[in-house]
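Quick notes on the structure that follows.
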Amino acid sequence: IDADTGTIAVPVSASMHCETLAGGYGVRVVRTATSPAALMRRAAAPGVGFAGDPDGTLIFPSFMPAPDGLMTFAKVLEVISSSGEALSAVAGRLPGVHMVEREVRTPWQLKGAVMRRLAAAGDGRRQLLDGVKVLLEDGWVLTLPRSEQPSCRVLAEAATPGRAAELAERYAAIVQEVVEAERQHSDT
C-alpha cells in the first residue's frame, strides 16, 4: 500500500489487531458491513489499497475491486520473495487472535427486538454499522441477525480465549433472554 492508497478496508467482524498492525505502517483502517458486497464497494473507493475479511476474502483494488485467487497467490509470493523468509515465519509474527462465535436461534419476528435490547444495554460503546457491536476495554462483541436463517450470530474477541468465550456466552444469553421473554409474553 503506497501513500496514495493508505487505507485498508475490513469488516466490523475483523480482529481488533487490524488497527494496531496497520498503524505500524502508517495505514488507516476503515470498517465495513460484513457482506462481501459491502467490502467490494469500499474496495472500489478512492484511496483504498487493500480490503479483506476474516474468511480469507482478499481484494487488491489496484488490480480489481473484487476477490481474485490468482492475485492473492501472487501477493503471497511477493511477500515471501521480498522478506526472504518462509511464510510461516511471517505469519508467526502476527498477534494471537482470540475469537469465539455462538449461534442463537432467533425467530424472524424477534430479531428487531434483540437488536433494540442490545443497542440500549449499558456496557461499553456501541457501533451500529452492521448488527450491534459493543466495544469494551478488553475486547468486543458483535451480534448480527442472520438474513438467511432464523438466528443471530454472536462474535466476541478478547485478549484471552477465556474472556472471549465469557463475552460470547454473556451476549448469547441476552439474545436468548429476549427470545424467551417474547415467547412467554405471546403465550399469555
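Values in this document were obtained by computation on a predicted structure and should not be read as measured data.
A continuous path of ILVMFWY side-chain contacts below 4.5 Å connects Val175 to Val132, so both sit in one hydrophobic cluster. Grouping the Ile, Leu, Val, Met, Phe, Trp and Tyr side chains by contacts below 4.5 angstrom, directly or via other members, places Tyr25 with Val29. Leu167 and Val178 end up in the same hydrophobic cluster when Ile, Leu, Val, Met, Phe, Trp and Tyr side chains are linked at under 4.5 Å. When the side chains of ILVMFWY residues are joined at heavy-atom separations under 4.5 Å, either directly or via intervening members, Leu135 and Leu142 end up in a single hydrophobic cluster. Hydrophobic clustering of Ile, Leu, Val, Met, Phe, Trp and Tyr side chains at less than 4.5 Å, counting indirect connections, unites Val141 with Ile174.
The two residues Pro61 and Gly49 make their nearest non-hydrogen contact at CD-O, 3.3 Å. Nearest approach of Pro65 to Ala43, heavy atoms of both residues: CB-C, 4.2 Å. Looking at every heavy atom in both residues, Val90 comes nearest to Ser83 through CG2-OG, 3.8 Å. Contact record, Ala164 with Ala158: N-CB, 3.6 Å, taken as the closest heavy-atom pair. Taking all atoms of both residues into account, the shortest heavy-atom contact from Glu157 to Trp140 is OE1-NE1, 2.7 Å. Annotation for Val97 and Ser15: closest pair CG2-OG, 3.7 Å, computed over non-hydrogen atoms.
Between Pro67 and Met40 there is a side-chain heavy-atom pair separated by less than 4.5 Å. With contacts defined as side-chain heavy-atom distances shorter than 4.5 Å, the pair Val100/Pro161 does not qualify.
Of the possible polar contacts, one joining the Thr106 side chain to the Val104 backbone as a donor-acceptor pair under 3.5 Å is found. The closest donor-acceptor contact from the side chain of Ser81 to the backbone of Leu77 lies at 3.5 Å or more, if one exists at all. Counting only distance, with no hydrogens or angles, the side chain of Asp53 and the backbone of Asp55 share a donor-acceptor pair below 3.5 Å. Side chain of Arg102 to backbone of Arg170: no donor-acceptor contact under 3.5 angstrom is found. With Glu182 contributing its side chain and Leu110 its backbone, the two residues share no donor-acceptor pair below 3.5 Å. The backbone N or O of Arg146 lies less than 3.5 Å from a partner atom in the side chain of Lys111, making a donor-acceptor pair. For the pair Arg126 (side chain) and Val134 (backbone), a donor-acceptor distance under 3.5 Å is absent.
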Could you walk me through whether Val10 and Arg31 pass the side chain to side chain contact (heavy atoms under 4.5 Å, CB included) test, one step at a time?
CA-CA 5 Å; Val10 297; Arg31 297 285 178 156; 3.8 Å; yes

Does the salt bridge (charged side-chain N to carboxylate O under 4.0 Å, His left out) test come out yes or no for Arg163 and Glu137, once each step is laid out?
CA-CA 12 Å; Arg163 178 64 173 151; Glu137 285 189 29; over 6 Å; no

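Between the CZ atom of Arg117 and the OH atom of Tyr171 there is a distance of 10.0 Å, given to the nearest 0.5 Å. The line from CE of Met115 to CG of Leu144 is 7.5 Å long, rounded to the nearest 0.5 Å. Between the CG atom in Leu39 and the CD1 atom in Ile59 there is a gap of 4.0 Å [rounded to 0.5 Å]. In this structure, Ser62 OG and Met71 CE are separated by 5.0 Å, a value rounded to the nearest 0.5 Å. Considering CD1 of Ile8 and CG of Leu21, their distance stands at 8.5 Å, rounded to 0.5 Å. Taking NZ from Lys75 and CG from Asp68, the interatomic distance works out to 12.0 Å, rounded to the nearest 0.5 Å.
Listed by first and then second residue, the ring pair (Phe, Tyr, Trp, His ring centres under 6.0 Å) pairs that reach into residues 59-115 are Phe50-Phe60, sequence neighbours excluded.
Among the candidates Thr32, Thr34, Leu128, the single residue satisfying the side-chain contact (heavy atoms from CB on, under 4.5 Å) test with Val12 is Thr34.
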